[in-house]
2 protein chains.
Amino acid sequence: MSLQHALLGVLEARPMNGYELTRFFEAAPRWVWSAPHSQIYPTLRQMEQAGLIEGQKEIRGTKLTRTVYSITDRGLEELRAWTGTDHAAPPVRDAFFLQALFFDMIDQDRAASVLKTHLAEQEQLIAEWGAHRDALLAKDTDLLKERLKSRPPAEHDRIARLKAHVFAGQIAVARARADWARESLRILSEDT
Amino acid sequence: MSLQHALLGVLEARPMNGYELTRFFEAAPRWVWSAPHSQIYPTLRQMEQAGLIEGQKEIRGTKLTRTVYSITDRGLEELRAWTGTDHAAPPVRDAFFLQALFFDMIDQDRAASVLKTHLAEQEQLIAEWGAHRDALLAKDTDLLKERLKSRPPAEHDRIARLKAHVFAGQIAVARARADWARESLRILSEDT
DNA sequence: TACACCATGTAAGTGGTTACATGATTGA
DNA sequence: TCAATCATGTAACCACTTACATGGTGTA
């Protein structure tokens with residue numbers, strides 16, 4: 001159900017069509033949820049049926065149509081309710097740590113290469129999320145600016161800080177993984 | 001495909017039937033992968049067809065049959081190949097951080113309650129993984145003892161340390177999340 | 001003899017992946 | 001006029017969830 005809430009969360013900032021939302025969710029990282037357009041379009045139609053969002057058909061040029069969706073009051077309510085509810089932790093299922101569990105069965109070189117790739121990926125994420133976090137703190141992202149338009153100016157700082165803080169959380173997790181990978185590389189080579 | 005490799009990884013220690021494997025994977029946390037029995041039994045049959053494992057039918061009492069699976073050479077090879085391969089990082093999809101992104105839209109009390117629940121869950125995980133890690137270091141888990149029987153004694157320490165280290169990784173991630181949740185609680189109350 | 005545990009299944013449904021498919025518009 | 005981008009879809013497949021279903025065995 002989370003894709004629906006992720007979509008609601010973006011549409012809360014401003015109305016968008018499927019294509020814009022797709023750019024958001026397909027650009028994989030730099031955010032907290034990802035999804036391909038093949039999942040987004042049907043979900044949007046479902047959500048409209050459920051009354052969470054409202055679609056407005058528009059025409060660009062002479063034939064190309066697009067449907068711009070905006071969040072409804074019911075959608076806002078649903079987003080708030082979901083955000084304020086405790087959800088059971090998802091089952092543990094981490095392919096990378098699973099892989100690492102069997103490092104004793106393979107060459108050190110191979111294991112080291114897997115670790116280095118993971119390390120690079122995590123550092124990439126840290127950099128991207130870091131940039132996004134800074135942009136949020138400076139209130140310098142398209143979406144945040146839109147969002148703040150409908151909030152009292154006195155709250156702008158607080159909102160920006162809260163949003164930025166979420167990315168600090170993702171960064172903290174990625175850093176823990178990166179540090180662990182670095183330590184693992186040390187342990188592997190020590191044993192030689 | 002990871003469930004298959006998780007199963008191979010357990011069967012590498014010793015042959016087991018579906019029920020035993022289920023106890024392993026359904027007891028949710030305390031390990032790195034989880035799956036219900038409804039997924040495990042069909043997967044085992046698939047893996048047998050693929051030649052990764054071999055089933056041996058046994059009879060307990062007069063009628064109750066069980067199939068004990070053991071890993072084959074092909075299975076071992078597959079596990080080693082998978083373990084030594086770089087796999088693309090899974091798409092970012094973290095429901096908890098998604099929820100946190102919208103904390104500015106709800107009451108501080110509600111947000112704090114969600115954070116506290118998450119904190120408790122993470123601390124639970126840290127405790128369980130910590131216990132498992134200690135047991136591994138002491139070479140005092142059923143599975144590890146079985147596993148070590150087929151390895152040269154000179155390697156026992158190294159293997160135990162590597163396995164334990166994986167749980168240290170999971171703990172590090174959980175701790176990062178717990179610390180972040182604690183910090184978030186501080187930030188929320190500061191703003192009051 | 002009743003209860004906890006052993007043992008294994010099926011089936012419907014959901015969320016996500018991957019691939020295929022089509023066509024319009026804009027700007028260099 | 002060509003390429004990049006805009007815009008939206010369908011369909012097959014896979015992993016996982018949830019619920020339903022059945023019956024045997026050991027022991028208190």
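Numbers restart at 1 for each chain; the letters A, B, ... are given by sequence-line order, proteins then strands. Note that this is a predicted model, so its numbers are computed, not measured.
Within the 4.5 Å cutoff, the side chain of Thr141(A) has heavy atoms near those of the Leu136(A) side chain. Side-chain contact between Ile106(A) and Val114(A) is absent, with no heavy-atom pair separated by less than 4.5 Å.
Rounded to an integer number of Å, the gap from CD of Glu20(B) to C1' of dA7(C) is 11 Å. With rounding to whole Å, Met16(B) atom CE is found 13 Å from dA7(C) atom P. The distance between atom CZ of Arg23(A) and atom C1' of dT5(D), rounded to the nearest whole Å, is 9 Å. At whole-Å resolution of the value, CD1 in Ile40(B) and P in dA7(C) are 14 Å apart. Rounded to an integer number of Å, the gap from CG of Leu21(B) to C1' of dC6(C) is 14 Å. Distance Lys57(B) NZ to dT8(C) C1': 11 Å, rounded to the nearest Å. Residue Phe25(A) contributes atom CZ, which lies 17 Å from atom C1' of dT17(C) at whole-angstrom precision. When the P atom of dG13(C) is taken as reference, atom CE of Met1(A) falls 15 Å away, rounded to whole Å.
Residue Arg93(B) has no polar side-chain atom (N or O) positioned under 4.0 Å from OP1 or OP2 of dG15(C). The side chain of Tyr41(B) contributes no N or O atom lying less than 4.0 Å from OP1 or OP2 of dG9(C). At dC16(D), one or more side-chain N or O atoms of Gln39(B) fall inside 4.0 Å of OP1 or OP2 (strictly under the cut-off).
With ring centers used as reference points, Trp129(A) lies 6.0 Å or more from Phe97(B).
Backbone-only contact: Thr67(B) has heavy atoms under 4.0 Å from sugar-phosphate atoms and none from a base. Within 4.0 Å of Ser2(B), counting heavy atoms only, lies no atom of the nucleic acid at all.
A salt bridge links Arg151(B) with Glu12(B); the closest basic N to acidic carboxylate O contact falls under 4.0 Å. Checked for salt-bridge contact, Arg45(A) and Glu48(A) miss the test: no charged N lies under 4.0 Å from a carboxylate O. Under a 4.0 Å N-O distance rule, the pair Arg161(B)/Glu190(A) does not qualify as a salt bridge.
Comparing dT17(D), dT8(C), dT26(C) against the side chain of Tyr19(B) picks out dT8(C) as the nearest. Checking dG15(C), dA19(D), dG23(D) against every side-chain atom of Ser38(B), the shortest atom distance belongs to dA19(D). For Arg66(B), the listed nucleotide lying nearest its side chain is dA7(C); candidates were dA7(C), dA19(C), dT17(D). Nearest nucleotide to the Asn17(A) side chain, out of dC16(D), dA7(D), dG16(C): dA7(D). The listed nucleotides are dT10(D), dT10(C), dT25(C); the one nearest the side chain of Arg45(A) is dT10(D). Nearest to the side chain of His37(A), among dC20(C), dG23(C), dC6(C), sits dC20(C). The side chain of Leu3(B) has dC16(D) as its nearest neighbour among dC16(D), dT17(C), dA24(C). Listed nucleotides: dT25(D), dG16(C), dT17(D). Nearest to the side chain of Pro36(B): dT17(D).
Looking at Thr62(B), its side chain has no donor and acceptor atom pair within 3.5 Å of the base of dT25(D).
Comparing Val68(B) and Gln4(A) along DNA chain C, the residue whose closest nucleotide (by nearest heavy atom) sits nearer the 5' end is Val68(B). Mapping Gly61(A) and Ala35(A) onto DNA chain C by nearest heavy atom places Ala35(A) at the nucleotide closer to the 5' end.
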